[in-house]
Each structure stands twice: as structure tokens, then as C-alpha cells.
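Note sheet for the following structure.
The figures here come from the full heavy-atom set of this structure, side chains too, leaving out hydrogens, waters and symmetry mates. Letters go in sequence order (proteins before strands), and every chain restarts at 1. Since this is a predicted model, take the numbers as computed values, not measurements.
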Amino acid sequence: MLLEIRNVSKTYESESNKILALDNINFTVEDNDFICIVGPSGCGKSTLLRIIVGLEKPNSGEVFFRGEAIEPDNPKVAMVFQNFAIFPWLTVQENIELVLESLNRPDEKKIACKYIRAVGLDGFEKVYPRELSGGMKQRVGFARALAVEPVLLCMDEPFSSLDALTSQNLKDELLMLWADASMPPDAVIMVTHNVEEAVYMANRIIILSPRPGKVMADMRIELKRPRNRKDPEFYRWVDKVYSLIV
Amino acid sequence: MRKGYFILWIILFLISATIAFYFFDFVDFPELKLVPYYAASSFLRMVIAYFFALIFALGYGYTAATNKKAGKMMLPLLDILQSVPILGFFPAAVLFFIAYFPGRTGIEAAAVFLIFTSMAWNLAFGVYESLTSIPRDLIEAADSFGIHRWQRLESLTLPACVPKLVYNSIISWSAGWFFLVASEIISAGSGSYRLPGLGSFFVDTAYSGKIALMLIGLSTLIIIILLLELFIWKPMQSWADKYNYDYSGEKSPGEFIFNIKIPKYMFRLIFETFSNILINIYIIFHRHELMKRFLKIVSYLLLILAFSYILYFFVILLVRILLNMPEEAYSIPLAIVYSFIRLFVAYIICILWTIPAAVYIARNKKASAYLMPVMEVSASIPAIAFFPVIVIVFIRHLDIASVILILMGMQWYLLFNLIAGVRSIPKDLENVAASFGIKGFFYWKKVLLPSMFPSFVTGSITAWGGGWNTLIVAEYIVLKGTEHHIFGIGYLLDKATFSTPDPDMVILSVISMVITIILLNKVIWQPLYRKALTKYKIEV
């Protein structure tokens, strides 16, 4: 067992009222899982992911990574952000080296180059982010997260601000990295509102209910890889997930 | 809400303390009776200067925005005017106006002119920017529906100026207060050219040791500023909001203390009367084709005349001065170096304390809930009002006093810009730092400081502007009839105005100061600013 989410609840307090965002969430993540968390917008998916990586504290409940309480700077867990969140004053390479330096990894240049190549950004090492397209910026985000060689990769709607073609390419590359035992990551947790995307990528889908978010279903997608979007079987799974959300 | 009441208590305390003093200490301090008169004359100067600044801004901004040829000349000119240290011109303005209107009228005119210059450029920029940034489709819509001439003025041009004019008016007023108090303080030191007002009251009371009286004057000023904020600016801002064509519609002007509900129709009434007057003027002049042409020719003639007169004046003046250089003129470069060193020292101190303070205040919710309103209030009080106190404490070490005075003229700009900068760092970048364990020195160097860079540059530019202004009151002080000074450009200027009047020296000093400032802007600040706009810009 890689990760355990135990009785996690979260309330937001505004001046006048309290809103229960997450209500007693429980599930575990195994070593080779590719989990997609889906649900209608506002159900607390992103909040849950932020709690999983330790960026936010739940009001009650705990998250354990390999038996220990999660800390946000755990180098075994890395995060990819929806809006890229790369530093505009650092080049592509410096953005990646930054996280390696802060972890005191030796050979930071070599590792950075390795992952720049892995996401197909070779030739852009010295370029500043403002000169990159959205898809390329997100590749920097992936390369940065992969460069710390995490066991668990967490992603918050990483494809939602990209065009269809770019995101399809990135998805396939990501699936290859996940399937490759010699490359990180071992497990992936991805938040998305796109059911097709979830069925295409995940081996487990966790469906959250509308506010307050609760685990409504935790289902295994037993489809052979590589998956084919035109396969009727694929659509049966998509329909099944949809029927559970609505 | 709690912080709101906190401020409210401060105001109430100030008001009651002031009133109490009025009633109980009349016998001891006969000067007190004059405080309302002083406050009224200070306020009146502000209102008159603002009125002229508004008229100027509408005319200048409108011409620069609609007439492309004129715009090419007018904008760079405005840019230069904006970077000029306004206080540096005060001595020159005094000499100029005194020559034409002797006595009290001259000095009053000089003060109003000074305040006018601190308000006008910024307002004119506001008008220009709002006119040039009217969305294209709105203009095209007006064209396609045949909205022309005065109708266009009423329905498009004037309303488009409202949000920026209101916002920039607030800035202009706080700049105006600073220069009002400064001009009164300077004139109070001179003896012969006194300006009765709160600023001179501070100086008189502080220098004669009546600190309690000075505090009463100070709290009167604070009360006026706070009341204006509460009853005019904040309600006006929320009224002006509806003229914003920002469709995202989230920008509400945060709560100041609590929102006073001033009926909106009051502002609308004022605005409509004002715009009706303008529209009528416009209609009268545009009714006949002949009239229009005549007007155009007359205005061009006037412009050419004005320019050639100024040019002629300057050339004659420069030739005369250069042919007959005053001995002292050769000390100007050294004086600028001395003053620059003072500014630089103050700037370093400024950086050292404002950066950590800004990070702490912006990050710490409790601290910012209590400190921000206090600092907002203290920043709206012209820092220069505290000068007499510092002068009294440090008069024996004027070199230290001058640096402290300059510091007070600089630090707020930097602090407030930096706080805003830290606040605007996107949450996601913070999350990256947290989730990849970027901490300590490394975090400051690679994340925090670079993301503060743009606000640091804008803050520094305004801080240096404030610093150059403060020099004029920091290097030359008259305390109880004796003159205290340290060598520098501010001293040379003041001396040539007040103790040994020498118009040539005043003009030479002002010109060298302006050249230095423009050079510094071109060589240091503009490149940094460009870098801030490209490399360090955070896209959201």
C-alpha cells in the first residue's frame, strides 16, 4: 500500500456560514495504480488532491504515505499544476534545476536534461517560459515533477488548458512513462472532469458526489491497453461512469 | 469588520482629543483659535489647485488623445514634467510669482501652482489613458449607430474618463497634501514669505516647543484627510465603478473602514452638471463651420506663441547666465553628488527594512488585519508633517536628520508597492515552492525576490521621486531664526531663494537637478522597468 486516505473531511468557513467540502473520504492507493478522481465541478476534487500532497490540512482525518503522515515537501510525491505554475524569470532548464537544487540532488544538470528530453523539449533548455506555447509550458511542468523521480505523481487537471491534439500526445507520453518500470512515476493520481480522459488513462476511477464530496464509487477499469476510443467497449465504460455521476 | 472599528476608534479619539484641547487650553494657547482658519486656508488652496488641474487635465489629455500630431509632442513632455521634482520648482515659482504679484498674492499663487503641478500631470495621464483605451468595438458601435459630436462626448468620451479620473484624483490629492504642507513648511522657515496654514502651524509650534499644539494641528489635518476619504473618495469610487467597461466585474474598491452610503445621485448630479457645461461649450464652438475653423487657427496661434515665448525666455536666460556664471554655480555638480549619496544611503536603509516588513505583513493575516489600515491612514498623512519633530530631535546632527527626513519621504512608496507585490504572487507558484520543498535562502533568492521585482522597481521609481522632493526640506532648515544647513543641491536651491536671493542660481540648480533625474531615469530605471515588464512579469 502506497498511500492511505483515512476519514478526511474539510470545511470552509466564510464570514457567515460553513461549507462542508469533503465528507469523510476513505481510499487507498496501491503501488502501480493510475487513479482518476472525477466528479462535477465544485465537488472538492482539487481540494482533495491538495490534501493528498499535503498542501492543505484537512479538518479531520489523515493522509499516510508509506505509513507516515504526508508532508508537502515529500520528494517521493510530486505535483503537476493546472495552470503550469512555472517561474517566468527562470529558463526551462533552470525551472527544473531549481527543484533539484532544493533537494540537494547531485548531477542536477544531467537529470534536468534527461527529463527535458523525456517530455520532448530538447532544444528549448535556454528558453524563457513566455516564449513557449501552453502545451510546451505544461511539458515543463511534467518534466519538473518527473525530475525529482517521484513514486507518486499528482496532477490537477493537467490537460484542461491544452488543445485536443497536444493533450492527446502528452497523455500517451505520460502513460508510457507510467508503464515503464525504469522511469518514474510508479503511481499516478489525476483530478479531471473529463470522463473520457479518465476512462482512457486510469485503471481505477474514484467518483465524488456533488457538495459535500463523498466517494460514490471506486471502480476498476478493466480495459486492455493501449485503449481505443472508438472501441464500443470503451464507450460502455464511459457510459457507466456517467450514469454514476448523474 | 473588527479592524474597521479599530480605525473608527482612532478617529473618534482624535476628534475628541482635539475638541477637548480647544475648550480647555484656550487660555494657555491663544494660537489655537487660529487652527480652524489655518485648516480652512490649507484646504482652500487644495480645492483651487484641484479645480485648475482638472480643467487642464481634460484639455491636455483630450488634445493629446485625439490629435495625433500634437500627441507626439505632448506625451513626452508630460513624461518629463512628471519626473521633475516639484518641490525643486517651488523656490523658482516663488521668485517668479513674487515678481508679478508682489506680497501675499504672489506667494499664494506660487503655493497653488505648486499643488497644481503635483496634481495635474497624473490627472492628464488618466484622461489620455482612458480615452485611448476605450474598447474598439464601443467606438465602432458609436460610429455605426451614428453617435457623433456632442452626443458622443456625452455618451462615450466623458463617461470613459470617469473611473481613471476618480482613481487618479485620490492619488493627486494625497500628493497635493504632501506639497501643500511642504510649501507651507518651507515658507514658514523663510520668514518673509509666510503662508498661513497647517504646515506653517506645525513648524511654528514645534520649533517654539509647543508640541501639544503641534499635535492638535496634526490631528486636525488627519481628521480632514480621513473625512474626505470617508465621505468623498470611497463613495465616489464605488459610484465610478459603473463606468468601468471591465466585463469581468470583480474589482470593487475594497472596504476602507465601513462604507458610508452617500446617495449616488449626488455624484451623478455633479458629474452631469459638469459634463453639461463642457458639452454646451463644445456645441457653441462647433455650431458653425466658420467658428470651428476660426477656433482652430486661434488655438494654433496661441500654442505657437506660447512655445516661442517660452523658448525665447529660456534662450535669453541661458545665454545671460552662461555669459555671466555665478561663482557658486561651479559647486553644483559636487552638491548633486552629496545629495545623491544622502538619497542612496536612505534608499539602502529603506530596502533593508521594507522588504522583510512587506513579506511579513503580506504573509501574516493577523498583522495585516491590524497594520494595513493603520498604515493606510499614516500613508495618507503627508510624511512631511512630521518633519518639525525630527528636526527638533536631531538638529545637532543635521546629516543624520536629513537622511531620516529623506527616508520618510521614500519608504512608504516602497513598502506599499512591495506589499502589493507579495500579495499578487499567484498561489500556484507558492504551492510549487511548498510541494518541492523550496525553502529558506533558496526560496528567497529564486522565488520570492524575483516575484517581487516588478513591484520593487515601480516602488523604487516613486520612492526616488519622493526622495528628490524631500531634499528641498532636508538640507536647509531655519529653526528659531537661525539657519541650519548641510551642503547639497537642496541647500543651494533654498539659499538662492530665501537667504541670498539669486534667480540665476535657482534656475541653474533646478535645471541641473532635472537633468540628473532624467539621466538616472534613462540609464537605470527605464531598463529595469522594461525588464520587469518582460522577464519578471507573471501571467495569470
Kindly check if the number of other-residue, nucleotide or ligand heavy atoms within 6.0 Å of [atom1] ([X]) is above 12?
X        : atom1 : value
A:Tyr12  : OH    : yes
B:Phe442 : CZ    : yes
B:Tyr167 : OH    : no
A:Lys76  : NZ    : no
A:Glu131 : CD    : yes
A:Phe64  : CZ    : yes
B:Lys522 : NZ    : no

Report task. Count the heavy-atom pairs under 4.5 Å between each of A:Phe84, A:Phe81, A:Trp89 and chain B, then report the option with the highest count. Result -> A:Trp89
Query raised in the report: Out of A:Leu98, A:Asn83, A:Val53, which one racks up the most heavy-atom pairs below 4.5 Å with chain B?
Result: A:Leu98
Engaged part of [X] at the chain B interface, taking heavy atoms whose separation is under 4.5 Å:
X        : value
A:Leu100 : neither
A:Glu101 : both
A:Arg144 : both

**Report entry** Closest non-hydrogen atom pair between B:Asp428 and A:Ala85, with its separation
**Finding:** CB-CB, 3.6 Å
Query raised in the report: Would you say the side-chain atoms of A:Ser102 pair up with the backbone N or O of B:Phe436, donor to acceptor, closer than 3.5 Å?
Result: yes
Query raised in the report: Looking at side-chain heavy atoms only, is the closest gap between B:Leu429 and A:Phe87 below 4.5 Å?
Result: yes
Requested in this report: Against chain A, work out which of B:Gly440, B:Gly437, B:Ala433 has the most heavy-atom pairs shorter than 4.5 Å and name it.
Outcome: B:Gly437
Report summary line: Ranking B:Lys535, B:Lys427, B:Lys439, B:Lys531 by heavy-atom pairs under 4.5 Å to chain A gives rank one to B:Lys535
